[in-house]
Number of protein chains: 2
Amino acid sequence: MTIRSEEIETGAHAGVSCRNCALKPLCLPGQLPAPEARALESAVERGRQLGPGMALVRAGTAMDALLVVRSGSAKRFSLTLEGTEQVHGFVLPGEAVGLEGFATGRYGCEVNALEPLSYCRVPMHKLEQLLEQLPGLRREMLRLLGQALEEAQRLRGELAETDARGRVARFLADLSERLARRGFPPYDFRLSMSRADIARHLGLTLETVSRAFGTFKREGWLRVRARDISVLRPDALAALAGVPHCA
Amino acid sequence: MTIRSEEIETGAHAGVSCRNCALKPLCLPGQLPAPEARALESAVERGRQLGPGMALVRAGTAMDALLVVRSGSAKRFSLTLEGTEQVHGFVLPGEAVGLEGFATGRYGCEVNALEPLSYCRVPMHKLEQLLEQLPGLRREMLRLLGQALEEAQRLRGELAETDARGRVARFLADLSERLARRGFPPYDFRLSMSRADIARHLGLTLETVSRAFGTFKREGWLRVRARDISVLRPDALAALAGVPHCA
DNA sequence: GTCAGTTCTTGATCAAGATCAAATTGCAGG
DNA sequence: CCTGCAATTTGATCTTGATCAAGAACTGAC
């Protein structure tokens, strides 16, 4: 997707300004009353920039902070016993990472940058303090986790229900929608992940994913040039994906 | 599974005694320091008994309480546009229900009893009060949600990776393990759900599920008589399921 | 630009599981 | 016990997507 949402960031050092962040409405402080947002902001640190392929979190390491991607995209995956990657999904700006770590205090899967990536972090000890004081943040954290859970269940259900092309269509439709919510052009983007990553995410082979793209192209629903995608008929994709009426 | 874990419950009316509950170690108060457990207990109400097929929660209704199944089992599912059921999973005693409701304040899926079922409930307004006061409960709620998330992601990953018999094997292995943790015989149980429910949960057809049972029976790994299951070779099932070394 | 390496596309074959269709078993009610 | 209905098993066939195998296109380095 090649995502750059680096807003102009001047004057802030350790404490980051959420106020001016383009992602604010999607991110944690977006739903909080102003005083709570300010309190949270003072606990937010800026993570260092990561290059493509670098690990944002490693499975099994202590969950020492809540992380939110600020710009770029990432791949969430686990390593199976056979050494293959089980791709859980892809992370876009404004999305939290490693929430399943709350289960054990250690991250449950790997998250690797797919392109240059920056992120914010709230150290756990500060988060716990804030949770004591801020009722809105408590509600917001539960909402965030509930949302992640709902999403994971939805993805599981879709995988069980849908055939190959339906899965690819839904993948694209979902990506479109998430890009749109972040203010990116929803029908014209560059995929940051490989066909193999998409395939492993959707429980398919990369050949089948490629063929699905080929079909959509032939039908005139898509323009595909390697990783550059133009969605010409979002309605057709949505229909195949079985989505009710999400644009 | 035909689950009866009705411990002897005398004297308690609205407030339920978690102290003597057989499920305590699996349930919310199990991880809490004693004073917090007592505070939580005072907020717990007993839900009325439900008969087979009755709804414990309906998708879209307001999430007015946190629910935990006390005895019996239930099916979590969504209704698709075509009117079919998308089965997300099955709920056993000690497991919370409807956590994805935190996302929107409304339950995200249907939960129906599969056999006579009883449950406990913590009204949301009381839960919010308690979360303000009890740091252990705050941590525990995050843990609970993190666990549910991890579980959902695991299920999604398995679905993407495993073939039909592997999925059925894993389903049985998982059930075994969960029954064991609740003190039920893990290798001898009665399924409370139909083949069709299992199939819809695993993204298969009921015929394929039936054939998988047939294969396992022929291999001598299982004894199957309708819904009565005896696991004779848990190791073989676990191996097929790709589980490392979980007994 | 050219080159090497990777990623992606396309084609041919094959197998796992879906689908269609009975037959069988189990179970509640009379 | 018998009856009727629903759930399950079993069988035959067909379709989808996996697998194997080339090619083609893209990428980054020189």
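Since this is a predicted model, take the numbers as computed values, not measurements. In what follows, chains are A, B, ... by sequence order, proteins preceding strands, each numbered from 1.
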Is there a donor-acceptor contact under 3.5 Å linking the side chains of A/Arg48 and A/Tyr119? yes

B/Arg156 and A/His201 side chains, donor-acceptor separation under 3.5 Å: yes

Quickly work out the [X] [atom1] to [N] [atom2] distance and round it to whole Å.
X        : N      : atom1 : atom2 : result
A/Leu114 : C/dT7  : CG    : C1'   : 15 Å
A/Ile198 : C/dT9  : CD1   : C1'   : 14 Å
B/Arg195 : D/dT10 : CZ    : P     : 10 Å
A/Arg200 : D/dA18 : CZ    : P     : 14 Å
B/Met193 : D/dA6  : CE    : C1'   : 18 Å
B/Leu191 : D/dA7  : CG    : P     : 15 Å
A/Arg167 : D/dA18 : CZ    : C1'   : 12 Å
B/Ile229 : D/dT9  : CD1   : C1'   : 13 Å

For the student: nearest non-hydrogen atoms of [X] and [Y], plus distance:
X        : Y        : answer
B/Val57  : B/Tyr107 : CB-CD1, 3.8 Å
A/Leu172 : A/Phe216 : CD1-CD1, 4.3 Å
A/Glu150 : B/Gly108 : OE2-CA, 4.1 Å
A/Ala169 : A/Leu240 : CB-CB, 4.0 Å
A/Gln49  : A/Ser118 : OE1-CB, 3.8 Å

Please give me every residue in residues 203-219 of chain A whose heavy atoms get under 4.0 Å of an atom in DNA chain C, ordered by residue number. A/Leu206, A/Glu207, A/Ser210, A/Arg211

Apply side chain to side chain contact (heavy atoms under 4.5 Å, CB included) to A/Ala62 and list each qualifying residue two or more places apart in sequence or on a separate chain. A/Arg106

Whichever of B/Val224 and A/Asp163 has the more 5' nearest nucleotide on DNA chain D, that residue is B/Val224

Want to settle it: does B/Ser194 or A/Thr162 sit nearer the 5' end of DNA chain D, counting the closest nucleotide to each? B/Ser194

Hey, does the side chain of A/Arg227 come within less than 4.0 Å of C/dT7's phosphate (OP1/OP2), counting only N and O? no

Just checking, B/Arg195 and B/Phe213: is the charged tip under 6.0 Å from the six-membered ring centre and within 45° of the axis? yes

Considering only nitrogen or oxygen atoms on both sides, find all protein atoms under 3.5 Å from nucleotides 22-28 of chain C and state each distance.
| unit_1 | atom_1 | unit_2 | atom_2 | d |
| --- | --- | --- | --- | --- |
| C/dC27 | OP1 | B/Arg190 | NH2 | 3.4 |

